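Working notes, beginning with the structure itself.
Keep in mind the model is a prediction, meaning the values are calculated, not measured.
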Amino acid sequence: WGLGAHVVKTGLSPILLDLLRSGWVSGIALNGAGIIHDFELAFAGRTSEDVEARIGAGRFGMARETGELLNAAIRRGAEEDLGLGESVGRMIARSDFPHRRLSLLGEAWRLGVPVTVHVAIGTDILHLHPLASGEATGKTSLRDFKIFCGLVERLDGGGVFLNVGSAVVMPEVFLKAVALVRNVRPRLEGFTTAVFDFQKHYRPAENVVRRPVGKTGTGYYFVGHHEIMIPLLAAALSGR
């Protein structure tokens, strides 16, 4: 499951957690913003801020706990040669945050399901904070890309990759992972891809649905709001 951050921000974590616990998720891939919303839900029970109201005064993205705790977890993970997703998931799972059971990363770490985080430097509020380390972020996120390639390798012969709500980062990461896997192994064929988003975008259509599947796979594009489509998907899976 490749997830855009809005999937978490719009409150769908409980549904995804049910799918995770019932075995419908073998891996989760996020952009950098995904860990921010996941952490804030676990820490405070809510996430998001009014960008327009706060950016004029230079306060947007300056929440102390988000910047300090996540950057500290990433630094510790880099020191221990962990991936970024594992570093943050472990921190949340071992915390006493009042809502930690709402965390996808924390629950995935507890269950041993890999979570990878694919960061674009400068796109996330974590990068505004004094504790931000390009060295640690790059090291842990690159390790996650290698883990993600291992997950993509397992798609051969019938796997499914879902891109839910990521218009740019996850489609690009997925395409590069497919290219790398096919470069180093005999085959990667016969898998299915699907995109779920509220409108059609170029990169998901090309880099997830069309280009990677070739002649032996199948790609689908479903258009609709996450709050409608993901519960319907979950109901269909649970019903089977």
Side-chain angles (χ1 to χ4, degrees), residues 1-51 60-74 76-77 82-119 123-126 129 140-141 144 147 151 162-166 169-170 196-198 225-238:
W1 291 65
L3 304 178
H6 263 71
V7 178
V8 178
K9 184 179 178 180
T10 54
L12 293 171
S13 291
I15 292 172
L16 294 170
L17 285 166
D18 284 344
L19 294 172
L20 178 65
R21 292 167 184 145
S22 57
W24 286 106
V25 180
S26 59
I28 299 172
L30 304 167
N31 59 19
I35 65 170
I36 293 168
H37 293 303
D38 187 79
F39 162 81
E40 291 183 346
L41 284 172
F43 182 81
R46 59 191 178 95
T47 184
S48 190
E49 57 183 316
D50 189 331
V51 179
F60 168 62
M62 298 300 168
R64 179 176 60 83
E65 296 88 349
T66 302
E68 287 186 358
L69 293 175
L70 283 175
N71 278 310
I74 293 168
R76 282 193 296 271
L82 302 179
L84 200 156
E86 184 178 7
S87 304
V88 173
R90 181 182 68 174
M91 180 268 288
I92 294 174
R94 292 179 174 178
S95 74
D96 59 356
F97 299 160
H99 309 284
R100 63 185 179 277
R101 293 289 285 178
L102 290 176
S103 168
L104 285 171
L105 282 95
E107 186 68 357
W109 184 85
R110 189 182 70 83
L111 295 173
V113 174
V115 177
T116 61
V117 183
H118 307 273
V119 176
T123 62
D124 304 321
I125 62 171
L126 298 186
H129 287 259
T140 54
S141 193
D144 274 358
I147 294 170
L151 293 170
L162 304 177
N163 180 76
V164 185
S166 179
V169 172
M170 285 316 308
F196 290 80
D197 216 331
F198 66 90
H225 287 285
H226 304 319
E227 300 93 322
I228 298 172
M229 301 299 285
I230 302 311
L232 286 174
L233 175 61
L237 295 175
S238 300

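- For the pair Ser238 (side chain) and Ala235 (backbone), a donor-acceptor distance under 3.5 Å is absent.
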*Would you sort out whether Leu82 and Arg90 count as a side-chain contact (heavy atoms from CB on, under 4.5 Å), showing the intermediate values?*
CA-CA 10 Å; Leu82 302 179; Arg90 181 182 68 174; 3.6 Å; yes
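- Between Glu107 and Arg21, the shortest heavy-atom distance links the atoms OE2-NE, 2.9 Å.
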Donor-acceptor pairs are to be reported for all side-chain atoms of residues 111-118 against protein atoms at under 3.5 Å, with residues two or more places apart or in another chain.
{"residue": "Thr116", "atom": "OG1", "partner": "His118", "partner atom": "NE2", "Å": "2.8"}

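- Salt bridge absent: Glu40 and Arg46 never bring a charged side-chain N and a carboxylate O closer than 4.0 Å.
- Of the inter-residue distances, the one linking His37 atom NE2 with Leu102 atom CG reads 14.5 Å to the nearest 0.5 angstrom.
- A side-chain contact (heavy atoms from CB on, under 4.5 Å) with Leu30 is found for exactly one of Leu105, Asp38, Leu104, namely Leu105.
- Using a 4.5 Å heavy-atom threshold, the side chains of Asp124 and Ile36 count as touching.
- Side chain of Asn163 to main chain of Trp1: no donor-acceptor pair is present (N/O by atom type, distance under 3.5 Å, no hydrogens or angles).
- In terms of the side chain to side chain contact (heavy atoms under 4.5 Å, CB included) criterion, residue partners of Ser95 (sequence neighbours excluded) are, by chain and number, Phe97, Arg100.
- Between Trp24 and Asp18 there is no side-chain heavy-atom pair separated by less than 4.5 Å.
- Interatomic distance, CG of Leu237 versus CG of Leu232, reported as 11.0 Å (0.5 Å rounding).
- The main-chain N or O of Leu84 is found under 3.5 Å from a side-chain atom of Asp144 such that the two form a donor-acceptor pair.
- What you find for Glu65 and Phe39 is that their closest heavy atoms are O-CZ, 3.8 Å.
- Distance alone, capped at 3.5 Å, is enough to place a donor-acceptor pair between the His129 side chain and the Gly61 backbone.
- Taking the side chain as every heavy atom from C-beta outward, Leu126 and Ile74 approach each other to under 4.5 Å.
- In terms of heavy atoms, Ile15 sits closest to Ala234 at CG2-CB, 3.5 Å.
- In this structure, Thr140 and Val119 have side chains that are not in contact, with every pair of non-hydrogen atoms separated by 4.5 Å or more.
- The CG atom of Leu233 sits 4.5 Å away from atom CZ of Phe196, with the distance rounded to the nearest 0.5 Å.
- The shortest non-hydrogen separation linking Gly27 to Leu151 is CA-CD1, 4.2 Å.
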*Carefully, step by step, assess Met91 and Leu70 under the rule side-chain contact (heavy atoms from CB on, under 4.5 Å).*
CA-CA 9 Å; Met91 180 268 288; Leu70 283 175; 3.9 Å; yes
*Let me see the working for Leu3 and Leu16 under side-chain contact (heavy atoms from CB on, under 4.5 Å), right down to the final yes or no.*
CA-CA 11 Å; Leu3 304 178; Leu16 294 170; 3.9 Å; yes
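- Heavy atoms only, all atoms of each residue included: Ser87 and Gly77 are closest at OG-CA, 3.1 Å.
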*Checking side-chain contact (heavy atoms from CB on, under 4.5 Å) for the pair Ile92/Trp109: CA distance, chi angles, key distance, verdict?*
CA-CA 9 Å; Ile92 294 174; Trp109 184 85; over 6 Å; no
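- Within a 6.0 Å radius of NE2 in His226, more than 12 heavy atoms belonging to other residues, nucleotides or ligands are found.
- Atom-to-atom distance recorded for His6:NE2 and His225:NE2 is 11.5 Å, nearest 0.5 angstrom.
- Taking the side chain as every heavy atom from C-beta outward, Ser103 and Leu41 never approach each other to under 4.5 Å.
- Nearest heavy atoms, Leu20 versus Ala108: CD2-N, 3.8 Å.
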